[in-house]
Amino acid sequence: MFQPDNYSDDTIRSLDWKQHIRMRPGMYIGKLGDGASPDDGIYVMIKEILDNSVDEFVMGSGKTIEVTIHDQQVCVRDYGRGLPLGKVVECVSKINTGAKYDSKVFKKAVGLNGVGAKAVNALSGNFKIQSIRNNRTKIVEFQRGNLLNEEDEKDCQLRNGTLVTFTPDDELFGNFHFIPEYITKMLWNYAYLNNGLTIIFNGEKFHSSNGLLDLLKSKLDSTVIYPIVHIQEGDFEFAFTHCEMYGEEYYSFVNGQHTTQGGTHQAAFREALVRTIREFYKKDFDTNDIKASLLASLSIKVQDPVFESQTKTKLGSQLIEPDGQTIRNYITDIVKRHLDNYLHINSETAESLLRKILQSEKERKELANIKKIAKESVKKVSLHNKKLRDCRIHYNNHHDRKFETTIFITEGDSASGSITKARDVNTQAVFSLKGKPLNVYGLSKRVVYENDEFNLLQSALNLEEGLENLRYNHVVVATDADVDGMHIRLLLLTFFLQFFPDLVRNGHLFILQTPLFRVRNKKKTYYCYSEDEKKLAMEKLGVNPEITRFKGLGEISPDEFSHFIGTNIRLDPVLLSKDSSIQEVLAFYMGKNTPERQGFIIDNLRCENDLLLNPQLN
């Protein structure tokens, strides 16, 4: 019979500010992670410090922010007003302390909860802040949130502003690493959203003069149907166009904060866009025909915004300001007036937009019957879908572990069997492919519905209507490290890039790293992911260790697999550089066998020398 623990006065605990943050980091930075994912905590920590510096710029103080990252240490220097010197310690170590509760001092700022810098302090192995204000300065140092050193105020000839230096705590984040592409993407967003702001990151300059127009141009990797429409009035700015691509993509912001999961402002914009276009053409177009192939960005400034979590990825506010106009009415009015006027003036754009909508309508009707059959097929197998071993928590749920949700896409029963037995059933799902998937390069989207595996995969991910209801934060391709596994990986990447590029652009697609070698003796076992790691393990174990080369995922036992998909999981993100064109990448790797590709293959040939170099290899 169950015996409850003794529940008494002694079991009640009161945590101080840093203990609570370190015990429940997910409440403050979403999740920990090792830096492989763009929403890992180490990037949120950078963003929290940057938000404060950007808010200074928004309030008219300091046009330059300098960011330096060396190894695992981050430095952020702004030239704003500087923290009041008598309150430096409180501002970074006392919850609910700050000037942003006073809307007169910080209007329409993104950092409102008095938490960000404190969370960074508590979650850092070392945290140092220097405030310079009116030729005086104060320096304070912390270690894991504990005050280590507080210097007296002294004279200083440096420019006003704040310098924050921190290193995320390796006790919490493990062997973390920063991926520069994630940071540059974040910094470009700050530049696009704040005309006139200059950010310098490790010597590279980030600056934008045209706001969302520059942002949208940077996201283009396919032919635009008409020139980008760019409109700004008051606290709202938007830009959009239609491209030769599948799906729809939105880049939405609130007070400079990238709301990756949308919110009330994005919903209002979509509704206003559809209504305005219908009224302009005096036709009741299907909503999906208007939104198909749409690439849009929008930014709004809201006083005292309400987000659905501390990570601020989804706006929940209904009003522009307390007791003010609703966000929906505000956006609808601006979009209707300006877009209707724009289309009347720019007749060529209006004609191109109409042709695109009619083309989308034609394609939708052609696909309608195929979709109907595909959905019926999914319904039939959904109750007994042997390909999907689902998890209990999903990314589109309001659960504190939703950022951990992962689906592994594997090939064959042996590999999926090992992962299935080793996985965390709460947050990790497995989808099993049967053999090599179809090469979809150059094919239309109807193949997604006609091909049973792609149809079931799309349904499992819940991708058909876009990313808003995506069921897993991490979509992980888990294939063998041999030639066949690499080919399957490439075919899956082609599928996602061709039909769901926004999944890749938003940092949801990954490749699972699995160990190539197991090096062990009777006392110790090392799993090695490279030749260098194998050599280091051999040196540590000494004479004649047993070395096993893993040729496939199916060779790894479930007990061993639990080490590779648990807290020490290694994921390689699939990244698109700022200058990458999806169509050019796919044409090069998956198109006709051109002389350029033949030359690339010859220049990058690799031979497996393990058996020759390591006669003791099993």
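With values rounded to the nearest 0.5 angstrom, His394 atom NE2 is found 8.5 Å from Ile407 atom CD1. Taken to the nearest 0.5 Å, the CG atom of Leu123 stands 5.0 Å off from the CD1 atom of Ile29. With rounding to the nearest 0.5 Å, the separation of NZ in Lys47 from CD1 in Ile183 is 14.0 Å. In this structure, Ile419 CD1 and Ser562 OG are separated by 12.0 Å, a value rounded to the nearest 0.5 Å. Phe178 contributes atom CZ, which lies 7.0 Å from atom OH of Tyr43 (distance to the nearest 0.5 angstrom). Leu456 CG to Leu461 CG: the interatomic distance, rounded to the nearest 0.5 Å, is 11.0 Å.
Side-chain contact annotation: Arg392 with Asn426, donor-acceptor N/O pair under 3.5 Å present. Side-chain contact, Glu141 with Asn126: no donor N or O sits under 3.5 Å from an acceptor N or O. Side-chain atoms of Asn506 and Tyr251 form no donor-acceptor pair, as typed in the model, at a separation below 3.5 Å.
Under a 4.0 Å N-O distance rule, the pair Arg24/Asp400 does not qualify as a salt bridge. Under a 4.0 Å N-O distance rule, the pair Arg401/Asp424 qualifies as a salt bridge. Residues Lys436 and Asp484 are paired through a salt bridge, judged by an N-O separation under 4.0 Å between the basic side chain and the carboxylate.
Counting heavy atoms of neighbouring residues, nucleotides and ligands inside a 6.0 Å radius, atom NZ of Lys445 exceeds 12 of them. Within 6.0 Å of the NZ atom in Lys18, the count of heavy atoms belonging to other residues, nucleotides or ligands exceeds 12.
With His508 as reference, Tyr395 is the one residue of Tyr472, Phe496, Tyr395 to meet the ring pair (Phe, Tyr, Trp, His ring centres under 6.0 Å) rule. Each of Thr405, Asp390, Asn396 was checked for a side-chain hydrogen bond (donor to acceptor under 3.5 Å, both in side chains) with Arg471, and the lone residue meeting it is Asp390.
Between the side chain of Asn521 and the main chain of Lys523, a donor-acceptor pair closer than 3.5 Å is present. In terms of modelled atom types and a separation under 3.5 Å, the side chain of Asp40 and the main chain of Gly35 share a donor-acceptor contact. For the pair Thr165 (side chain) and Lys128 (backbone), a donor-acceptor distance under 3.5 Å is absent. Put simply, the side chain of Glu453 gets close to the backbone of Lys434: a donor and an acceptor are under 3.5 Å apart. Listed for the Asn462 side chain is a donor-acceptor partner under 3.5 Å among the backbone atoms of Asn469. Side-chain atoms of Gln498 come within 3.5 Å of backbone N or O of Leu443 as a donor-acceptor pair. Side-chain atoms of Glu411 do not come within 3.5 Å of backbone N or O of Gly485 as any donor-acceptor pair. With hydrogens and angles disregarded, no donor-acceptor distance shorter than 3.5 Å links the side chain of Tyr250 to the backbone of Gln261. Side-chain atoms of Ser459 never come within 3.5 Å of backbone atoms of Asn455 as a donor-acceptor pair (strictly under, hydrogens ignored). Formation of a donor-acceptor pair under 3.5 Å by the Arg518 side chain with backbone atoms of Thr525 is not found in this model.
Contact between Pro515 and Tyr527 at its shortest, heavy atoms only, is CB-CB, 4.0 Å. When every heavy atom of Leu491 is checked against every heavy atom of Pro437, the shortest pair comes out as CD1-O, 3.2 Å. Closest of all the heavy-atom pairs between Leu541 and Lys524 is CD2-CB, 3.7 Å. Between Ala422 and Phe561, the shortest heavy-atom contact is CB-CB, 3.8 Å. Nearest heavy-atom pair across Leu215 and Ser297 is CD2-OG, 3.8 Å. Listed here is the closest heavy atom pair of Leu438 and Val447: CD2-CG2, 3.5 Å.
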Practice task
Check step by step if side chain to side chain contact (heavy atoms under 4.5 Å, CB included) holds for Arg389 and Ser432.
Solution key: CA-CA 9 Å; Arg389 282 96 169 170; Ser432 178; 3.9 Å; yes
Exercise for the section: I would like to know whether Ile488 and Asp480 meet side chain to side chain contact (heavy atoms under 4.5 Å, CB included); could you show each step before the answer? Expected result: CA-CA 9 Å; Ile488 294 170; Asp480 294 342; over 6 Å; no
Exercise for the section: Go through the steps to decide whether Asp51 and Tyr190 satisfy the test side chain to side chain donor-acceptor pair (under 3.5 Å), and finish with yes or no. Expected result: CA-CA 9 Å; Asp51 282 345; Tyr190 278 118; 2.6 Å; yes
Exercise for the section: Verify side chain to side chain contact (heavy atoms under 4.5 Å, CB included) between Met186 and Leu50, making sure each step is shown before the conclusion. Expected result: CA-CA 10 Å; Met186 179 199 306; Leu50 275 170; 4.0 Å; yes
Handout entry: side chain to side chain donor-acceptor pair (under 3.5 Å) between Ser530 and Asp532, worked out
Key = CA-CA 5 Å; Ser530 66; Asp532 289 340; 5.1 Å; no
Handout entry: Glu249 vs Lys219, side chain to side chain contact (heavy atoms under 4.5 Å, CB included): CA-CA, chis, key distance, verdict
Key = CA-CA 10 Å; Glu249 290 182 39; Lys219 303 299 181 184; 5.5 Å; no
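Geometric assessment of Arg549 against the ring of Phe517 yields a positive cation-pi assignment under the 6.0 Å and 45° thresholds. Both the sub-6.0 Å distance and the 45° axial angle are not jointly satisfied by Arg423 relative to the ring of Phe408.
Between Phe253 and His258, the angle of the ring planes stays under 30°, which puts this pair in the parallel group of the 30/60° scheme. Taking the six-membered ring for Trp and thresholds of 30 and 60 degrees, Phe201 and Phe206 have ring planes inclined between 30 and 60 degrees apart. Using the six-membered ring where Trp is involved, Tyr192 and Trp188 have ring planes that are parallel, under 30° apart on the 30 and 60° scheme.
Side-chain contact between Asn202 and Thr68 is present, with at least one heavy-atom pair separated by less than 4.5 Å. Residues Gln458 and Phe500 meet the side-chain proximity criterion, which asks for heavy atoms closer than 4.5 Å. For the pair Leu463 and Leu470, the minimum side-chain heavy-atom distance is below 4.5 Å. Annotation: side chain of Cys391 is not in contact with side chain of Val425 (no heavy-atom distance under 4.5 Å). Between Phe454 and Val440 there is a side-chain heavy-atom pair separated by less than 4.5 Å. The closest side-chain heavy-atom distance from Leu571 to Ser37 is not below 4.5 Å. Using a 4.5 Å heavy-atom cutoff, the side chains of Asn175 and Asp170 are not in contact. Looking at heavy atoms from C-beta onward, Thr259 lies in side-chain contact with Ser252 at the 4.5 angstrom threshold.
Scanning for side chain to side chain contact (heavy atoms under 4.5 Å, CB included) contacts around Ser444 gives Tyr246, Arg446, with sequence neighbours left out.
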